[in-house]
Amino acid sequence: MTKMEWAQIEEKWRKKWNDEKQFESNPDSRKKFFVTVAYPYPNSPQHIGHGRTYTLADVHARFMRMSGYNVLFPMGFHYTGTPILGMARRVQENDKDLIEAFRTLYKVPDEKIREFSEPVKIADYFHQEIKAGMIEMGYSIDWRREFTTIDPFYNKFIEWQFKKLKENGLVIQGTHPVGWCPKDQNPVSQHDTLGDIEPSFTEYTVIKFKYDNYVLPTATLRPETIFGVTNLWVNPNVNYEIAKVDNEEWIISPECAIKLGFLNKKITKTGNISGSELVGKKVKIPERSDEVYILPATFVESDNGTGVVMSVPAHAPFDYQALDDLKKEASRHPNIPALSEIKPISIIETEGYGDIPAREIIEKLGIKNQDDPKLEEATKEIYSKEFYGGKLKQNTGKFANKVVADAKEAVKKWILDNGNADILYELNENPVRCRCGAECVVKLLDNQWFLNYSNPEWKEKVHSWINEMKILPEEIRNEFNHVVDWLKERACARQHGLGTKLPWDKNWIIESLSDSVIYMAYYTIVKYVNAGEIKPDYISDSFFDYVFLEKGDLQKISSESKIPQETLEKIKKEFQYYYPVNARHSGRDLVPNHLTFFIFNHLAIFPKKYWPEEIVVNGSVLMDGKKMSKSMGNIIPLRDAIKTHGADSIRLAILISAELLQDADFNQEAVRGIKNKLENMLEESTKYKAAKEALLMQEDKWIHSRLQQLIAKATVSIQKMRLREALHHVLYEFDSDIQWYLRRVEAKNRTDQAGILHEVLSARVAMLSPFAPYVSEEMWSRLGNQGLVSMSPWPNPDETKIDLLSVQSEDLLKTTLDDIKNIIKVTKMTPKKITIYTAAAWKAKAYQKILYQVTSGNVNIGTMIKSLIADNETAEIKKDPDFVKKTVNDILSESQESRDSKNKVGAVDEIKALSELESLIKGEYGIGLQVFSETDQAKYDPKNKARTARPYKPAILIE
RNA sequence: GCGGGAGUUGCCAAGCCUGGUCAAAGGCGCAGGGCUUAGGACCCUGUCUUUUAGGAGUUCGUGGGUUCAAAUCCCACCUCCCGCACCA
């Protein structure tokens, strides 16, 4: 089939769906099913990877629709956020790379690119691009409910949401550290930096040591080690600054002074002092009564921390080594008389280490001096060992016996509360440069607004709902609980970007992850705005209170909002009909943020009956086994892929390559295979028209039985969203059944199978249609069925159509045929004649008895033989006791299902069943077949084979 | 570190939840045959070892255990991958 033909099929059915408004959903008497997906951020065209989540959701929607639900599957577009702003700025600055990417990678026409200096134009362009792709993919979306997050009505909705959160005390104000570009005066995130470095940072405790009236601050990750300080370190070659920091005089490195400036300290430089001048002076240790010396060390760097370091030689390898180095050249430091008396103070006890862990590890790693790079490794190891396994010793006062992990926080708080400490943030990677070239810093933002996800009652509520919700796959439930525990206050507003302004403080714009948590409710009513029945200008909070929370006076709200009372009622009813969300689909990357916030906010704003029911999470898509990325150039825009492969093939390729959580691998090979498969099925569909079914023969009953089993299995798989498994059943597993059926029918030269195949294939097409909607419609119509398959009912498994006898008989045929084939293969003979002997009647009896025994748990061969001999019917077992062992093994190697089925069916008339082989053997080898019973006196048995026959395992003679 | 996932026969990859139909689907590769002007495409057959009667042996990261029966359940260990924030 050509690309053209595929495109025509898609076009034809897309038009039909659209003309008949098949996917528009309005409240009616049916049960509803509301399925949503995280809406896209339109800053680039969507690629195959984006297609996965939407395709999964669409399959879900289509399946539920066929199962009789009134399905609502809507879509919006998330304009809120900063990346688009950054892109627009780069276009204004004529950024060649970006413009080139638009032109060649995204194929944006030049005249459009020129408009891209305006952020909204970028969003608008990709919005339309993405939407077109979704339509081409065949997603069954109700487009009357489309919106963007900068629509005036949406702004009102978000304002309402935030006022509600604030009323509930969940929005709070505070300070917040962020990665910051001093030149742009803006927070920076990973894609704002050169080389896409995440501007992550670590919090240090700054402990203030006193020298005269000066403060010598030291930054540390281990405040609890203050009890082990023996001295301070300065770098003698650094020219330190004396600066007024708030109300104290600090001695710090020049770099530190700059950093502190961004942490809202008032800094006034008042002088300088060189490191060497400080050496030999004494400082007072806060919270301790003693004094220690300031000593020189070369490992101290002025751009790290404050440029001053506190020395804990017992537990910090750098400190131990530096002290050791210094002692070796003590003669050069006459101004420090007591150098040799400085001894490490051990304060932490850790299993596997003695008093001075730092010395132990230095010796172990063979470190020679303080400039040895291995000291980093040593520090890491000691830190992690002590942090998780260490305990404070008696010399730490009230912190004695505490484990280090707890003591660290406790000591920090204690020193801070006493005013002897401060906080400093340090970027983990230095330097981080903004795209503008400036070096980034950590800035403490004042008056930042937060959603208080720390609130313990809120957390608790979320936990308990997470444990009640349906979450697929199940593993993710734990992950959610973990995220909830770990989540803290989250900044919810920023100063730049597209979005809704904070209603009580218009300087702030509500951040993108906070304005996208309850918008699913918005889908249920937005169609009235789009139809012009709601005028955003007249809408105030009371409207939302009424519709979503059933609060307020209908008459009053009606006159305020200029919406007739009936319409208002209808809008409210529509919300109440569709809410809650039944299934939310999303990529795995949104678990630690969006999806968790989604639960948090629903619980905060809506009553319990509107809380979301189910979350379905999926993994990402790989391209030929590799991660897709711009730099690798292996991103395939979805619309391009549709043009080359067709929507159905892409949908199947994405779905069939992995189960939910795994990464799906998209590769040409797989798509080609699928396309082939679909084309074969399509061709097959033209062959069999509906016809009155003839009298059912064994193979007909068999294929019907198999169909019922398929329906049952596929239905369960889809219900669990195991779409790969479902597809496997429908596409491949069942295919081998059809192959077998055709082989049987052809061998018999039958001509009356069309009706049966029509029925079977129609059911299969129906089950394929949620996955591959276009080609399924085409197959459905070529099979001669009426209406749209996407609107037809999902096949119902019918147990009564399962004929266990025919299943057993066909199995017998297959295994016997396999055996024959095997013998011929091993013996390499050319068969001229085949004779088959079925087991004697007493063996069948014995088989049933043994089967019964095994089923009830008895596998003891001895007792079995005894009881069989005791029974007249099976007493002949005496002649062949080995039969029991073999039969038990036969039975044991079968599945429970198959044993049950054999139990139910009882003895199969094997002579009759195996006589069906004749036509197959004739077709395969062109030779004759004879079937005898073992007990047939007149049988032909020159090699005395017949006696080896067992039930379900006939003896075979090939000549 | 915390949390999650994975290790299967030459390669990719199913099977594991729910133990037996598992020497283990499917695809690729490879070998032989067909078709074809050769090639490509396509179709058939084979592809752990062994075997001239449908059999046997050894396999599913490693080592134990449970069971009549383990790729599948339990325990321990080794190795690899992903996420840890104010960013969509």
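Side chains included, hydrogens not; waters and symmetry mates left out as well; all remaining heavy atoms used. Chain A is the first sequence line, chain B the second, and so forth, proteins listed ahead of strands; every chain is numbered from 1.
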ask   = Between the side-chain atoms of A/N593 and the base atoms of B/A88, is any donor-acceptor pair under 3.5 Å?
value = yes
request  = Applying salt bridge (Lys or Arg N to Asp or Glu O under 4.0 Å), run through A/R588 and A/E479 and close with a yes or a no.
outcome  = CA-CA 11 Å; A/R588 195 184 188 166; A/E479 225 171 303; 2.8 Å; yes
inquiry  = Whether the A/D589 and A/H594 side chains hold a donor-acceptor pair (N or O, under 3.5 Å, no angle test) is what I'd like checked.
reply    = no
request  = Give one of base, sugar-phosphate or nothing for A/P954, where a contact means two heavy atoms less than 4.0 Å apart.
outcome  = base
Closest to side chain of A/P592, choosing from B/G83, B/A53, B/A88 = B/G83
task = Counting Watson-Crick and G-U wobble pairs only, both distances under 3.5 Å, name the nucleotide matched with B/A41, or none.
result = none
task = Identify which nucleotide among B/A85, B/A53, B/G3 has an atom closest to any side-chain atom of A/W486, counting heavy atoms from C-beta outward.
result = B/A85
query = For B/A88, does either OP1 or OP2 sit under 4.0 Å from a side-chain N or O belonging to A/T80?
reply = no
request  = Cation-pi check, A/R584 to A/F598: give yes when NZ or CZ is under 6.0 Å from the six-membered ring centre and within 45° of the ring axis, no otherwise.
outcome  = yes
query = Using atom C1' of each nucleotide, how far apart are B/A85 and B/A14 to the nearest Å?
reply = 36 Å
Closest nucleotide among B/G54, B/A88, B/A85 to the A/L487 side chain = B/A85
task = From the options B/G54, B/G3, B/A88, select the nucleotide whose nearest atom is closest to the side chain of A/H482.
result = B/G3
A/D941 side chain to A/A946 backbone, donor-acceptor under 3.5 Å = yes
task = Using a heavy-atom cut-off of under 4.0 Å over every strand shown, decide if A/E489 touches base, sugar-phosphate, or nothing.
result = base
query = If you measure from the C1' atom in B/G4 to the same atom in B/G10, how many Å do you get, rounded?
reply = 31 Å
request  = Could you state the atom-to-atom distance from CG of A/D819 to C1' of B/G55 in whole Å?
outcome  = 11 Å
task = Whole angstrom is fine here: how far is it from CG in A/L817 over to P in B/A53?
result = 20 Å
request  = Specify the residue among A/A955 and A/S512 whose closest nucleotide of RNA chain B lies further upstream toward the 5′ end.
outcome  = A/A955
query = Counting only Watson-Crick or G-U wobble pairs whose two distances fall under 3.5 Å, which nucleotide matches B/C28?
reply = B/G10
query = Is any side-chain N or O of A/K443 closer than 4.0 Å to OP1 or OP2 of B/C86?
reply = no
ask   = Considering every strand shown, what is the Watson-Crick or G-U wobble mate of B/A23 when both distances are under 3.5 Å?
value = none
request  = Could you tell me the separation between the CZ atom of A/R477 and the P atom of B/G5, rounded to a whole number of Å?
outcome  = 14 Å
Pair partner, B/C60 [Watson-Crick or wobble, under 3.5 Å] = none
message = Distance check, C1' atoms only: B/U66 and B/U58, in whole angstrom units.
response = 23 Å
message = Which nucleotide wins on minimum distance to the side chain of A/E511, given the candidates B/A53, B/C86, B/G4?
response = B/C86
message = Under 4.0 Å, heavy atoms only, any strand: does A/I820 hit a base, just the sugar-phosphate, or nothing?
response = nothing
inquiry  = Strictly by Watson-Crick or wobble contacts shorter than 3.5 Å, is anything paired with B/C80, and which nucleotide is it?
reply    = B/G5
message = Only pairs with both distances under 3.5 Å count, Watson-Crick or wobble alike; so what is the partner of B/U72 in this structure?
response = none
C1' gap between B/U62 and B/U8, integer Å = 15 Å
request  = Using Watson-Crick or G-U wobble geometry with both distances below 3.5 Å, tell me the partner of B/C86, or none.
outcome  = none
inquiry  = Students often mix this up, so state it plainly: with edges at 30° and 60°, are the rings of A/Y952 and A/Y847 parallel, tilted or perpendicular?
reply    = tilted
task = Determine the interatomic distance between C1' on B/C82 and the same-named atom on B/C73; round to the nearest Å.
result = 27 Å
task = Assign a letter to each nucleotide of nucleotides 14-21 of chain B from its 5' end: B, base within under 4.0 Å of a protein heavy atom; S, sugar-phosphate only; -, no contact.
result = SS-BB-BB
query = Does A/R743 have any side chain to side chain contact (heavy atoms under 4.5 Å, CB included) partners at least two apart in sequence or in another chain, and if so, which?
reply = A/W740, A/L817, A/L920, A/E924
inquiry  = Test of understanding: with side chain to side chain contact (heavy atoms under 4.5 Å, CB included), list the residues that count as partners of A/T149, not counting sequence neighbours.
reply    = A/Y39, A/H78, A/Y79, A/T80, A/F147, A/Y154, A/D515
inquiry  = Please classify the nucleic acid contact of A/K821 as base, sugar-phosphate, or nothing, using heavy-atom distances under 4.0 Å.
reply    = nothing
ask   = With rounding to whole Å, what would you report as the distance between B/G61 and B/C80 at their C1' atoms?
value = 11 Å
key: Per A/E479 side chain, nearest of listed nucleotides B/A85, B/G54, B/G4   = B/G4
ask   = So do the side chains of A/F771 and A/I718 get within less than 4.5 Å of each other, counting heavy atoms only?
value = yes
message = Between B/G64 and B/U72, how far apart are the two P atoms, rounded to whole Å?
response = 14 Å
key: Pair A/E725, A/S717: side-chain N/O donor-acceptor within cut-off below 3.5 Å   = yes
ask   = Which part of the nucleic acid, if any, lies within reach of A/I958 when heavy atoms closer than 4.0 Å are counted: base, sugar-phosphate only, or nothing?
value = base
ask   = Does some side-chain heavy atom of A/P40 sit less than 4.5 Å from a side-chain heavy atom of A/M75?
value = yes
key: B/C48 and B/C44, which share atom name C1', separated by this distance in whole Å   = 24 Å
